[in-house]
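Below is one structure, written out as structure tokens, with a few remarks after it.
Every chain is numbered from 1 and lettered A, B, ... according to where its sequence line falls, protein lines coming before strand lines.
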Amino acid sequence: MIVTRFAPSPTGYLHIGGARTALFCLLMARHNNGKFILRIEDTDQKRNTPTATQQVMEDLKWLGIEWDEGPDCGGPGAPYKQSERLEIYDKHINQLLDDGKAYYCWDTSEELAEMRDKAQAEKRSFIYPRPEKFPTREEADAAAAEGKPVIVRLCMPEGDIVVKDLVRGEVTFQAGEFSDFVIRKSDGFPTYHLACVVDDELMGVTHIFRGQEHLMNTPGHQALQDALGFSRPTYAHMSVTVSEGGGKLSKRERGKALAKAIKADLEIDREELAKIGEMSIEDFDEFLNGKITPDAPLVTAMAKHIELHLPEINVVDFKESGFLPEAVTNFVALLGWSSPDGQEIMPFEKLIENFDPTRFNKTNSLFDRKKLQAFNTEHMKMVDSDKLLGYFKDYLVLNELEMGKFDDDTLATLLKLCEGARNFEDVVNKSNFIMLKADTIEFDPNAVKKVLSKDGVAEILTEVKDRLNNLEAWEAEPIHKVIEVMCEEKQLGMGKVAQPIRVAIAGCMVSPAIDATLVMLGKDETIARIDHAIEFVKGL
RNA sequence: GCCCCCUUCGUCUAGUCAGGCCUAGGACACAGGCUUUUCAUGCCUGCGACACGGGUUCGAAUCCCGUAGGGGGUACCA
């Protein structure tokens, strides 16, 4: 059976690159009726953040990426948090030690740095000088008692190492390039390398899909597998998604964009913004100079305050921007991978059906938000209306929008009226008319200039109001008929009548179709708004 | 510095492993047009690429070598 795994370290929100890796692992498992495992790699105590695991799981679920085994649901390979598996790792490390395949050492970081500098000065790779005779356990214990940083290193083998990779073919690493690397840190925790290799074996992982940044680790992992008598999984080192400035898509991207915008705008009240970012004014300056980065939600809050649109990096950012998970997964799947049939827009099931691990490409890709928008537009039309309503409500709640107070029927109608919208942000913008009050509508200056200030608008509005007032059945068709008839009689284009109505009831030039909008508003509200607009026009 | 990977329209890519079917196909973006009561949607047209230099071959986007550019790694991070 094919078993894949996604193994994030809980250092913050799940970012889009991680989501892509997770997606491919899931696709591989589902396409082959295999198993997909979620494992938390929390062996670095300094970097872990307490809520990250929960957040990552939530983000994966939102995307529709569900695991068969994991920290929340357990499974035959439990536990699925590496910090809870320390004894297992120790057992394997001790075995390597006993077999003479690993050894203790306790160089200080200064000593190590010196050796590295020397290697670089001599224009060669740094190779840790393996001692002729390995220290005994007693000697290591004694050193530790003296406060020395005692660690364990694995003996790397002699010859060339070939990594067979689904994406890159056979990659050969020359003998003599390998340094004995650390498998247990001085705090007693295993390194990522050891924990990862042991867990993949014990959990029966058959296929490892990961970013190309791990390619250089693989010879070491293979050496570990050989030393421990493990089987060799199939590797695929995928291309990565890079940011527009070049380089890996990083979590700091949003902070950087925000700092840049703040620095560019001298009008901004920095003190107030620092308060929103929960920082002292000194820290705020540090932040602007790129020295520190506040937590993601604070960055978002500050950006919102100055009405800045930040590039989406974390999965939650996309959720907050009003994208559909189906669109995000579909789009991200097409970064570095292509469907055998050439199809691009696909529902999740089709992604699974079409998945083929031989169709990864080798080149890094840039994230194109505009194309995501196009995908989102398609998926808005594809998902069924109940599901869409659910997503819409989540979006409204997440953004704390007042529109969320409306009942399901109203929201569903709004969604229907806004068919063709690119994302939920568009839906909200277009639906703004429903949030207004007849006597407090403020008219968009641009709309005033282009529509309300034109000659004869007051007369047109008065006329159409009277005609609407006389209408018995307040439904789309008769309303449409009223406007149509009036246009014919007055020899006017539809726009000449419909646009003033639109501005009158929405305050701006954007709204859904006029007849449907009026139906939603109801007769009284419509008349009241038109009256208000007539007063306004007369006052111009 | 050292090691590894990559290079097709502005962007994502097909085609490269098995050289001719490629005067290089699609998608997004962009420009123009049509539809439309607004914004969108929808439809049509256009623009637009094999990084460079050498080979191999009857024939190269495809194979080989070199150059340049980009990315990654070089931790007691993962």
Side-chain angles (χ1 to χ4, degrees), chain A residues 7-9 11 41-44 46-47 106-107 109 112-113 116 119-126 149-153 163 165 167-169 171-174 177-179 181-187 189 191-193 195-196 210-219 237 239-240 242 244 246-248 331 334-339 342-345 358-359 361-375 377 380-381 418-422 426-427 429-430 447 450-451 480 483-484 487 493-503 506 508-515 517:
Chain A
S9 55
T11 56
E41 311 224 318
D42 54 351
T43 55
D44 185 356
K46 293 180 285 291
R47 292 208 319 164
W106 47 82
D107 309 87
S109 49
L112 252 11
R116 284 198 188 93
Q120 200 182 106
E122 290 167 8
K123 300 193 176 196
R124 57 176 174 82
S125 303
F126 167 68
V150 176
I151 59 168
V152 177
R153 285 180 190 269
V163 173
D165 190 280
V167 180
R168 321 217 167 237
V171 182
T172 304
F173 296 83
Q174 300 288 319
E177 286 294 331
F178 311 113
S179 184
F181 63 95
V182 180
I183 56 176
R184 183 160 67 201
K185 304 185 257 187
S186 57
D187 65 359
F189 275 65
T191 58
Y192 152 73
H193 307 290
C196 171
R210 43 156 59 148
Q212 66 155 20
E213 68 269 21
H214 286 291
L215 184 57
M216 301 296 281
N217 295 147
T218 310
H237 288 94
S239 58
V240 296
V242 296
E244 236 141 307
K248 263 199 296 186
F331 176 69
L334 258 29
L335 254 27
W337 180 82
S338 59
S339 180
Q343 217 182 318
E344 291 206 335
I345 304 291
T358 67
R359 292 190 62 86
N361 72 23
K362 303 173 182 181
T363 63
N364 291 167
S365 52
L366 227 55
F367 195 98
D368 179 3
R369 188 176 194 271
K370 288 230 175 102
K371 186 152 180 169
L372 203 218
Q373 292 234 34
F375 272 51
T377 310
M380 294 265 283
K381 289 179 216 156
C418 293
E419 259 172 28
R422 311 211 93 194
D426 283 1
V427 173
N429 289 339
K430 201 166 171 176
K450 284 205 164 147
V451 181
H480 186 261
I483 298 171
E484 204 176 46
C487 286
M494 288 289 267
K496 282 274 182 275
V497 178
Q499 275 305 78
I501 301 177
R502 172 167 284 116
V503 177
C508 63
M509 291 190 295
V510 177
S511 89
I514 220 66
D515 46 9
T517 307

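- Side-chain atoms of A/R502 never come within 3.5 Å of backbone atoms of A/G495 as a donor-acceptor pair (strictly under, hydrogens ignored).
- Computed from coordinates, the A/Y192 OH to B/rC77 P distance equals 14 Å when rounded to whole Å.
- Ring planes of A/H214 and A/Y192: tilted class, angle from 30 to 60°.
- Donor-acceptor pairing under 3.5 Å is lacking for the side chains of A/E41 and A/S9.
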Step-by-step side-chain contact (heavy atoms from CB on, under 4.5 Å) determination, A/I183 to A/R153: CA-CA 6 Å; A/I183 56 176; A/R153 285 180 190 269; over 6 Å; no
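- The partner of B/rU74, taking Watson-Crick or G-U wobble pairs whose two distances both stay under 3.5 Å, is B/rG1.
- Atoms CD1 (A/I183) and C1' (B/rA78) sit 17 Å apart, rounded to a whole Å.
- A/L366 has its CG atom 13 Å from the C1' atom of B/rU13, to the nearest Å.
- Looking at the side chain of A/E177, the nearest of the listed nucleotides B/rC3, B/rA29, B/rA78 is B/rC3.
- Not one side-chain nitrogen or oxygen of A/K370 sits closer than 4.0 Å to the OP1 or OP2 atom of B/rG10.
- Only the C1' atoms considered, B/rG72 is 22 Å distant from B/rU8, to the nearest whole Å.
- The distance from atom CZ of A/F375 to atom P of B/rU13 is 11 Å, rounded to the nearest whole Å.
- Judged by Watson-Crick or G-U wobble contacts below 3.5 Å, the nucleotide B/rA14 has no partner.
- Among the protein residues, A/R184 comes within range of no part of the nucleic acid, since none of its heavy atoms lies under 4.0 Å from any strand.
- The gap from the P atom of B/rA40 to that of B/rC30 amounts to 11 Å, rounded to the nearest Å.
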Output one line per pair: protein atom, nucleotide atom from nucleotides 4-7 of chain B, and distance, for all N/O pairs under 3.5 Å.
residue: B/rC5; atom: O2'; partner: A/R168; partner atom: NH1; Å: 2.4

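- Side-chain contact of A/R210 with A/H237: a donor-acceptor pair under 3.5 Å is present, judged by distance alone.
- Contact annotation: A/R210 does not reach the phosphate of B/rA78 (side-chain N/O to OP1 or OP2, under 4.0 Å).
- Side-chain polar atoms of A/R359 and A/S338 form a donor-acceptor pair below 3.5 angstrom.
- Not a single ring-ring contact (aromatic ring centres under 6.0 Å, His included) links A/H480 to another residue, sequence neighbours left out.
- A gap of 32 Å separates the P atoms of B/rC64 and B/rG48, to the nearest Å.
- The CG atom of A/D44 sits 5 Å away from the P atom of B/rA78 (whole-angstrom rounding).
- Looking at heavy-atom distances under 4.0 Å, A/I151 makes contact with a base.
- Within 6.0 Å of NZ on A/K496 lie no more than 12 heavy atoms contributed by other residues, nucleotides or ligands.
- Between B/rG73 and B/rG55, the distance separating the two C1' atoms is 33 Å to the nearest Å.
- Considering only side-chain N and O atoms, A/S109 lies nowhere under 4.0 angstrom from the phosphate OP1 or OP2 of B/rC76.
- Where A/A119 and A/E344 meet RNA chain B, the nucleotide closest to each residue was compared, and A/A119 sits on the side nearer the 5' end.
- Only the P atoms considered, B/rG25 is 14 Å distant from B/rA61, to the nearest whole Å.
- Pair check for B/rU37 finds none; no Watson-Crick or G-U wobble contact set falls under 3.5 Å.
- Of the candidate nucleotides B/rA78, B/rC76, B/rA29, B/rC76 has the atom lying nearest to any side-chain atom of A/S186.
- The side chain of A/S338 places an N or O atom within less than 4.0 Å of a non-bridging phosphate oxygen (OP1 or OP2) of B/rA14.
- Note: CZ (A/F178) to P (B/rG73) measures 18 Å, nearest angstrom.
- Rounded to whole Å, the distance from CZ on A/F181 to P on B/rA78 is 12 Å.
- For B/rG15, one of the phosphate oxygens OP1 or OP2 lies less than 4.0 angstrom from a side-chain nitrogen or oxygen of A/R359.
- Comparing atom distances between the A/S125 side chain and each of B/rA78, B/rC2, B/rC12 picks out B/rC2 as nearest.
- With both ends at atom C1', the span from B/rC63 to B/rC17 equals 11 Å, rounded to whole Å.
- In this structure, B/rC30 forms a base pair with B/rG46, meeting either the Watson-Crick or the G-U wobble geometry with both donor-acceptor distances under 3.5 Å.
- The shortest side-chain heavy-atom distance between A/I483 and A/I501 falls under the 4.5 Å cut-off.
- The existence of a salt bridge linking A/E344 and A/K371 is confirmed by a sub-4.0 Å separation between a basic side-chain nitrogen and an acidic carboxylate oxygen.
- Heavy atoms of A/G336 sit under 4.0 angstrom from primed sugar atoms or phosphate atoms, though from no base atom.
- Checking side-chain atoms of A/S186 against main-chain N and O of A/P149 turns up no donor-acceptor pair under 3.5 Å.
- A distance-only check finds a donor-acceptor pair linking the side chain of A/K185 to the backbone of A/T43 [under 3.5 Å].
- In the set B/rG1, B/rU11, B/rA75, the nucleotide with an atom closest to the side chain of A/Q120 is B/rG1.
- In this structure, A/D42 reaches neither bases nor backbone, as no heavy-atom distance under 4.0 Å exists between it and the strands shown.
- B/rU7 and B/rC12 have their P atoms separated by 12 Å, with the value rounded to a whole Å.
- Contacts of A/T43 with the nucleic acid, taken as non-hydrogen atoms under 4.0 Å apart, involve only primed sugar atoms and P, OP1 or OP2.
- Not a single donor-acceptor pair, N or O on each side, falls under 3.5 Å between the base of B/rG71 and the side chain of A/E213.
- Ring planes of A/F178 and A/F173: tilted class, angle from 30 to 60°.
- Side chain A/K371 to base B/rA29: no donor-acceptor pair is found below 3.5 Å.
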Summary of protein contacts for nucleotides 34-51 of chain B, nucleotide by nucleotide, where a base hit scores B, a sugar-phosphate-only hit scores S (4.0 Å, heavy atoms): ---BBBBSS---------
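- Side-chain atoms of A/N361 and base atoms of B/rA14 include no donor and acceptor less than 3.5 Å apart.
- We find that NE2 of A/H214 is positioned 17 Å from C1' of B/rC3, with the value rounded to whole Å.
- For A/V182, whose side chain is taken as the heavy atoms from C-beta onward, the closest listed nucleotide among B/rU11, B/rC76, B/rG15 is B/rC76.
- Rounded to a whole angstrom, the distance from the P atom of B/rA18 to that of B/rU23 is 22 Å.
- Searching all strands for a Watson-Crick or G-U wobble partner of B/rG53 with both distances below 3.5 Å returns B/rC65.
- Contact check for A/F181 versus A/N217: no side-chain heavy atoms found under the 4.5 Å cut-off.
- When each of A/R116 and A/E122 is assigned the nucleotide of RNA chain B bearing its nearest heavy atom, the one mapping closer to the 5' terminus is A/E122.
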